[in-house]
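Data block below; observations after.
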Number of protein chains: 2
Amino acid sequence: MPRWLDDRESRVWRAYLALHTELHAVLERELAADSGLSLADYALLVPLSESPGGVVRARDLAVSVGWERSRLSHHLTRMQGRGLVVRETCPEDARGSMVRITPEGMATITAAAPSHVATVRRTFIDPLTEADLTALDDIYSRLRAALVEESEL
Amino acid sequence: MPRWLDDRESRVWRAYLALHTELHAVLERELAADSGLSLADYALLVPLSESPGGVVRARDLAVSVGWERSRLSHHLTRMQGRGLVVRETCPEDARGSMVRITPEGMATITAAAPSHVATVRRTFIDPLTEADLTALDDIYSRLRAALVEESEL
DNA sequence: CGACTTATGATGACACATCAACAAACTGCC
DNA sequence: GGCAGTTTGTTGATGTGTCATCATAAGTCG
């Protein structure tokens, strides 16, 4: 016998779902039109471009974007085909695989970032007040902590 | 020359992205294990099951879940193949297509809902305080309003 | 050392999402 | 009525995500 969601809870939950659907669509479209990248491409290129040397071990990359290894492997295969990244052998662990961003990949995300950030600002950050940002910072970290517990059961 | 995200803005944005990735994965997995439904199936079955008669016009269904028509059409084809819904002709508009939830579809979502709601509660609603809910209710409606403006440009 | 377990990453099959193109039918204006 | 433009829904191609499975290599412990 579950406790149902009351009106406000249900409204917040459905608003969250709808918000994500719409936000995702807008960002995906803008990024693709502007640079030919998908949000998934962008998500991978960010940690790669921020890493010193532009090289990250696949395992660590999976952790930093929160993906399953299979998804990462498939996506890297496609990105490698487009010349955005290359795979190299891992010196410390023969099972491992190092992922390196190519100069072309770096140029692509460098060119894409300003417009993408502007869209994030326009659609997400700018409508928020200082108090909203403070509240979300707290709320999101609490929710993520709850999810970590969840997965540790 | 874009205005970059400061530390807190960036943290909130990345937390939002990571939260969604994790939350989506947990809910998808739980729902699939429990009932064989995907979140997409569930999203469609909710408005169908809530509609009097269990029939909704495809166009309206697309609006209420925020999907493109193509996605809806493909997904309905698969759901119809699994016996969750059927398509019927639309009496008022010969182009149209009415979507009807089957008794099996109704039974499936009825069985799935309690456990799914419990997971939503555990991972999203319960970690929030009353003040959080009030804040999110306000923030999400403001963000969605901003997105509507965005798409009207 | 040697058997067992775990970690890492790749792969094939399948479900899903997006895009462009299409056919059919409604709308409105002349 | 008739034509232009729009709306509705479907389809096929292609890119993407998930699952189960696999091969290889590390780690663990007798």
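Each chain gets a letter, A, B and so on, in the order its sequence line appears, and its residues count up from 1.
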Side chain to side chain contact (heavy atoms under 4.5 Å, CB included) partners for B/T21, two or more places apart = none

In whole angstrom, what separates A/R82's CZ from D/dT14's P?
-> 16 Å

Which residue pairs satisfy the side-chain hydrogen bond (donor to acceptor under 3.5 Å, both in side chains) criterion with at least one member in residues 101-112 of chain A, sequence neighbours excluded?
-> none

Sorted by first residue and then second, give each ring pair (Phe, Tyr, Trp, His ring centres under 6.0 Å) pair with at least one member in residues 81-102 of chain A; sequence neighbours left out.
-> none

Give a yes/no on whether any side-chain N or O of A/R78 is located under 4.0 angstrom from OP1 or OP2 of D/dG17.
-> yes

Summarise protein proximity over nucleotides 5-12 of chain D in one line of letters, 5' to 3': B for base, S for sugar-phosphate only, - for none, counting protein heavy atoms closer than 4.0 Å.
-> --BBBBBB

On a heavy-atom basis, the closest approach of A/V65 and A/P47 is CG1-CG, 4.1 Å

Give me the first and last nucleotide of DNA chain C, going 5' to 3', that has any atom under 4.0 Å from a heavy atom of chain A.
-> C/dA7 to C/dC19

Name all pairs fulfilling the ring pair (Phe, Tyr, Trp, His ring centres under 6.0 Å) condition that reach into residues 90-131 of chain A, sequence neighbours left out, sorted by first residue then second.
-> A/Y42-A/H116, A/F124-B/W13, A/F124-B/Y16

Applying side chain to side chain donor-acceptor pair (under 3.5 Å) to B/D60 and not counting sequence neighbours gives none

Could you pull out all residues at least two apart from B/R87 that satisfy salt bridge (Lys or Arg N to Asp or Glu O under 4.0 Å)?
-> none

Quick one: does B/E9's side chain have a donor or acceptor within less than 3.5 Å of a partner on B/D6's backbone?
-> yes

Residue pairs fulfilling salt bridge (Lys or Arg N to Asp or Glu O under 4.0 Å) with at least one residue in residues 10-25 of chain A, sequence neighbours excluded | A/R11-B/D137, A/R14-B/E50, A/E22-B/R144

Let me know the distance between CG of A/L39 and C1' of D/dG15, rounded to the nearest Å.
-> 14 Å

Toward the 5' end of DNA chain D, by each residue's nearest nucleotide, A/E68 or A/E92 | A/E68

Interatomic distance where NE2 belongs to B/H20 and C1' belongs to D/dG17 [whole Å] = 13 Å

Any residue meeting salt bridge (Lys or Arg N to Asp or Glu O under 4.0 Å) with B/E92, in chain and number order, not counting sequence neighbours | none

Axis-to-axis angle between the two ends of the helix from C/dC1-D/dG30 to C/dC30-D/dG1 (five base pairs per end, rounded to 10 degrees) = 20°

Which residue pairs pass the side-chain hydrogen bond (donor to acceptor under 3.5 Å, both in side chains) test when at least one of the two sits in residues 61-71 of chain B, sequence neighbours left out?
-> none

